[in-house]
2 protein chains.
Amino acid sequence: MCHRCDYTEILKSTGLDPTKNRVRVLEIIGENNSPLSAEDIFNTIARSHRINRVTVYRVLKLLSEHMLIEPFNNGRSFHYGMAPSKNHPPHPHFFCKSCGKIECLNPESVMVDTLNFEKVFPGKIDKLEIRVEGICKNCMKLS
Amino acid sequence: MCHRCDYTEILKSTGLDPTKNRVRVLEIIGENNSPLSAEDIFNTIARSHRINRVTVYRVLKLLSEHMLIEPFNNGRSFHYGMAPSKNHPPHPHFFCKSCGKIECLNPESVMVDTLNFEKVFPGKIDKLEIRVEGICKNCMKLS
DNA sequence: CATCAGATGTAAATCAGTTGCACAACAAAT
DNA sequence: ATTTGTTGTGCAACTGATTTACATCTGATG
């Protein structure tokens with residue numbers, strides 16, 4: 001969630017045309033406090049504007065490729081959150097295996113020490129992700 | 001990879017009938033050094049025995065439910081490895097975003113400090129997973 | 001041997017996401 | 001203002017992984 005971000009500006013400075021659909025998708029992701037699915041985003045936009053599902057998928061792909069957003073897969077579908085940046089520090093996520101929801105956790109909640117792992121690993125490391133899995137508060141109540 | 005495991009015995013002690021298909025699936029997963037997809041497992045079994053894909057999916061579901069194996073999703077498909085146990089300590093995984101392969105990393109390669117997070121979190125925590133993403137050694141060479 | 005629950009096979013369905021192609025929008029060139 | 005070209009969008013059909021519904025087989029037990 002971020003009220004400091006100018007989404008049109010972010011797109012421009014990344015070299016992307018700030019089309020309405022792109023701005024809308026990025027804004028919805030940026031202003032939400034947990035990662036959203038393509039379906040979530042489609043539904044949100046479709047409430048006020050005409051848009052096609054495929055367009056949403058295409059915009060999500062484009063934004064991911066330019067590392068403006070970050071995909072998470074809960075085993076059912078992808079959810080997208082803002083990629084780490086000045087206004088958005090990296091943080092762990094909680095995955096509810098019951099409802100599939102993904103929640104952002106505090107950056108400090110889980111600390112990681114990568115030791116000299118990066119130096120030793122023979123491939124290229126892009127990202128270290130910490131995922132906590134379980135049953136969310138809400139699903140606990142329901143069961 | 002584990003030569004100390006008696007897969008028939010593991011199934012029995014979990015209360016599951018050690019059918020040929022179940023033993024085969026569990027054995028293939030247990031003897032492999034990285035998580036495998038349903039397709040991988042199907043192909044391996046099908047080389048020597050007649051089996052249906054659906055059976056593989058059903059066995060994987062059953063074994064997962066009984067926590068003998070652990071599913072990982074690389075964004076394309078599920079891969080299954082042995083669940084943590086005496087012979088199989090929990091460990092991080094590397095996900096290659098190019099070929100989709102998942103590799104097991106040393107348990108010590110990445111250390112995690114969960115602080116008092118578990119105490120504070122309002123839901124139920126089953127598992128803390130560390131995933132390293134990037135491009136594997138092999139895909140690095142190819143590109 | 002008969003019976004019955006549980007395991008397996010088969011075909012069809014589902015679900016998220018992708019592709020191919022036609023059309024629209026917008027900007028630069030004529 | 002019209003033409004052209006590039007890029008974005010819509011629509012329909014497709015794909016791949018997984019699940020479902022339902023029929024059939026199998027193995028243990030009486």
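Note that this is a predicted model, so its numbers are computed, not measured. Residue numbers start from 1 in every chain, and the chains themselves are labelled A, B, ... in the order their sequence lines are given, proteins ahead of strands.
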Stepwise side chain to side chain contact (heavy atoms under 4.5 Å, CB included) test for B:Cys99 and B:Asn138: CA-CA 9 Å; B:Cys99 65; B:Asn138 200 41; over 6 Å; no
Numerically ordered, the residues 43-74 of chain B set in heavy-atom contact under 4.0 Å with DNA chain D is B:Val54, B:Tyr57, B:Arg58
With sequence neighbours excluded, tell me which residues meet salt bridge (Lys or Arg N to Asp or Glu O under 4.0 Å) with B:Arg22. none
Applying salt bridge (Lys or Arg N to Asp or Glu O under 4.0 Å), name anything that partners A:Lys124, two or more places apart in sequence or on another chain. A:Asp126
For residues 62-83 of chain A, which residue pairs qualify under ring pair (Phe, Tyr, Trp, His ring centres under 6.0 Å), counting only residues two or more places apart or in two chains? A:Phe72-A:His93
Who else is in A:Ile135's hydrophobic cluster (ILVMFWY, side-chain heavy atoms under 4.5 Å, direct or via others)? A:Met140
Using salt bridge (Lys or Arg N to Asp or Glu O under 4.0 Å) as the criterion, list what pairs up with B:Glu70, not counting sequence neighbours. B:Lys127
What are the bounds, 5' to 3', of the part of DNA chain C that sits under 4.0 Å from heavy atoms of chain A? C:dA16 to C:dG20
side-chain hydrogen bond (donor to acceptor under 3.5 Å, both in side chains) contacts in which one or both residues fall within residues 48-58 of chain B, not counting sequence neighbours: B:Arg24-B:His49, B:Glu39-B:Arg53
Starting from B:Val120 and following side-chain heavy-atom contacts under 4.5 Å between hydrophobic residues (I, L, V, M, F, W, Y), which residues can be reached? none
Within residues 79-93 of chain A or reaching into it, pairs that qualify as salt bridge (Lys or Arg N to Asp or Glu O under 4.0 Å) - sequence neighbours excluded: none
I'd like to check the side chain to side chain contact (heavy atoms under 4.5 Å, CB included) partners of B:Lys12; sequence neighbours left out, ordered by chain and number. B:Thr8, B:Glu9, B:Pro18
Could you give the start and end, 5' to 3', of the contact zone on DNA chain D for chain A, using atoms under 4.0 Å from its heavy atoms? D:dG8 to D:dA12
